[in-house]
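These notes are about the structure you will find just below.
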2 protein chains.
Amino acid sequence: MHKASVDNRTRVLNAARELLQTRGINAFSHRDLAERVGIKSSSVHYYFPTKEDLGVALIRSYQHELTEFFEATATLPTVIERLTRFCGLFEGTAKAGGRLCLAGMLASDFATLGPSLQSEVRAFFQLVEAWLAAQAALSKPERSPAANADLSQLAFSLLEGVLLSARVFDDPDRTRRAARHIQQLFGSPSV
Amino acid sequence: MHKASVDNRTRVLNAARELLQTRGINAFSHRDLAERVGIKSSSVHYYFPTKEDLGVALIRSYQHELTEFFEATATLPTVIERLTRFCGLFEGTAKAGGRLCLAGMLASDFATLGPSLQSEVRAFFQLVEAWLAAQAALSKPERSPAANADLSQLAFSLLEGVLLSARVFDDPDRTRRAARHIQQLFGSPSV
DNA sequence: GTCTATAAGATGATAGAC
DNA sequence: GTCTATCATCTTATAGAC
């Protein structure tokens with residue numbers, strides 16, 4: 001059961017992820033994907049009948065990877081370290097050709113999405129904010145749940161926003177300054 | 001020299017602004033604009049030959065209004081008040097049907113823009129951050145220029161980002177929580 | 001799975017009449 | 001200024017052969 005190389009479905013997904021994060025869902029076509037993968041656009045339709053299907057598959061795989069990230073970093077000793085890693089994801093995104101977060105891009109395209117894709121985007125935001133709120137609670141147990149929720153929204157909004165300016169100014173380092181601020185917000189390390 | 005009503009050029013600009021802030025520049029057409037204004041798409045081309053022309057006109061008028069805002073609020077006695085007003089602009093944007101900042105939306109469409117439009121977006125970001133840095137300097141004169149620049153980037157990124165989540169959760173109040181945080185960051189009122 | 005062929009409709013844009 | 005007419009191209013698909 002060894003895969004010598006990625007199958008075309010995965011190749012389409014990878015190409016689509018890059019195009020979505022750089023151009024937005026309304027600025028690339030099945031043909032663009034087909035050309036990058038080296039197949040015909042009808043073959044793209046074979047894997048993802050509609051663009052909505054493609055979008056849903058994209059955010060689900062993105063969310064899946066995030067879940068794996070959460071599991072992998074759960075064993076780290078401090079909130080500080082987990083937060084550093086998390087912010088590092090955004091730094092990597094900014095450095096990858098000025099991409100945006102896939103969910104953030106879909107949020108900016110929100111009004112053009114079908115209901116099922118909108119739900120997925122909302123679920124992704126909720127997942128991130130819930131994790132951040134949990135980290136905030138761990139970091140300073142004396143902080144109220146409302147304050148933790150506030151903090152998590154603040155941190156995620158800041159990271160999404162900084163990707164926009166990082167791309168406009170071609171300056172991925174902006175993500176690190178945002179990360180530093182978030183670390184300060186979450187306060188002194190504990191758990 | 002009295003204008004009884006707005007001319008069609010202005011009507012096109014207004015319709016385009018709403019469509020750009022809600023759908024992004026790649027998700028509306030000259031036909032969409034024409035239908036909303038009640039003219040034909042060729043008439044839209046008369047005012048704005050290319051979409052790039054339209055985009056440039058949109059951000060220039062947006063920036064012009066911001067400049068007027070800066071002038072109008074320059075007389076306010078405190079940084080706190082000016083900052084409150086500024087954040088109020090974003091609250092209004094979120095409440096206007098979950099719009100994004102026009103420049104923020106163009107930032108997310110950045111990779112699909114022509115060079116002239118990209119320059120305009122960059123200039124807009126610079127204008128905002130320069131103003132915010134100036135407010136930071138006024139607020140706490142003992143703060144370093146680098147810290148002021150940091151703060152201004154942070155504040156603008158946060159406001160841009162919170163518009164994304166405000167729209168995803170259909171919750172414009174998120175902008176107010178962001179505003180509160182920004183006020184705290186800028187510190188105690190002075191000038 | 002991947003292809004060719006095809007379709008209906010949208011899109012950005014232009015020419016020329018009024 | 002606004003229109004009709006037209007254009008080449010793109011877009012999202014679908015049908016059916018291999």
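Under a 4.0 Å N-O distance rule, the pair B/Glu129/A/Arg174 qualifies as a salt bridge. Of the charged side-chain nitrogens involved, none lies within less than 4.0 Å of a carboxylate oxygen, so that B/Asp171 and B/Lys95 do not count as a salt-bridged pair. Ion pairing between A/Arg60 and A/Glu65 fails under the 4.0 Å rule for side-chain N and carboxylate O.
Checked by atom type and distance alone, the side chain of B/Arg143 pairs as donor or acceptor with a backbone atom of B/Phe186 at under 3.5 Å. Between the side chain of B/Glu52 and the backbone N or O of B/Gly114 there is at least one donor-acceptor pair closer than 3.5 Å.
OP1 or OP2 of D/dC3 lies within a sub-4.0 Å distance of a side-chain N or O belonging to B/Ser43. A sub-4.0 Å separation between OP1 or OP2 of D/dT2 and a side-chain N or O of B/Asn8 is present.
Transitive grouping of hydrophobic side chains (ILVMFWY, heavy atoms separated by less than 4.5 Å) keeps A/Leu159 and B/Val162 in distinct clusters.
For A/Arg11 and C/dT2, the CZ to C1' distance is 13 Å, given to the nearest whole Å. Between A/Glu35 atom CD and C/dC3 atom P there is a gap of 13 Å when expressed in whole angstrom units. The OH-P distance, from B/Tyr46 to C/dC18, rounds to 19 Å in whole Å.
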Quiz: residues 30-42 of chain B side-chain donor-acceptor pairs under 3.5 angstrom, not counting sequence neighbours:
{"unit_1": "B/Asp32", "atom_1": "OD2", "unit_2": "B/Ser29", "atom_2": "N", "d": "2.8"}
{"unit_1": "B/Asp32", "atom_1": "OD2", "unit_2": "B/Ser29", "atom_2": "OG", "d": "3.3"}

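Map B/Gly38 and A/Ala27 each onto its nearest nucleotide of DNA chain D; the residue landing nearer the 5' end is B/Gly38.
In the set C/dC3, C/dG1, D/dC3, D/dC3 carries the atom at the smallest distance from any side-chain atom of B/Lys40.
One axis for each end of the helix from C/dG1-D/dC18 to C/dC18-D/dG1, each built from five base pairs, and the angle between them comes to 10° at 10° resolution.
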Protein-proximity profile, nucleotides 12-17 of chain C, B/S/- by nucleotide at the 4.0 Å heavy-atom cutoff, equals SBB---
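With rounding to the nearest 0.5 Å, the separation of CD in B/Gln135 from CZ in B/Phe70 is 8.0 Å.
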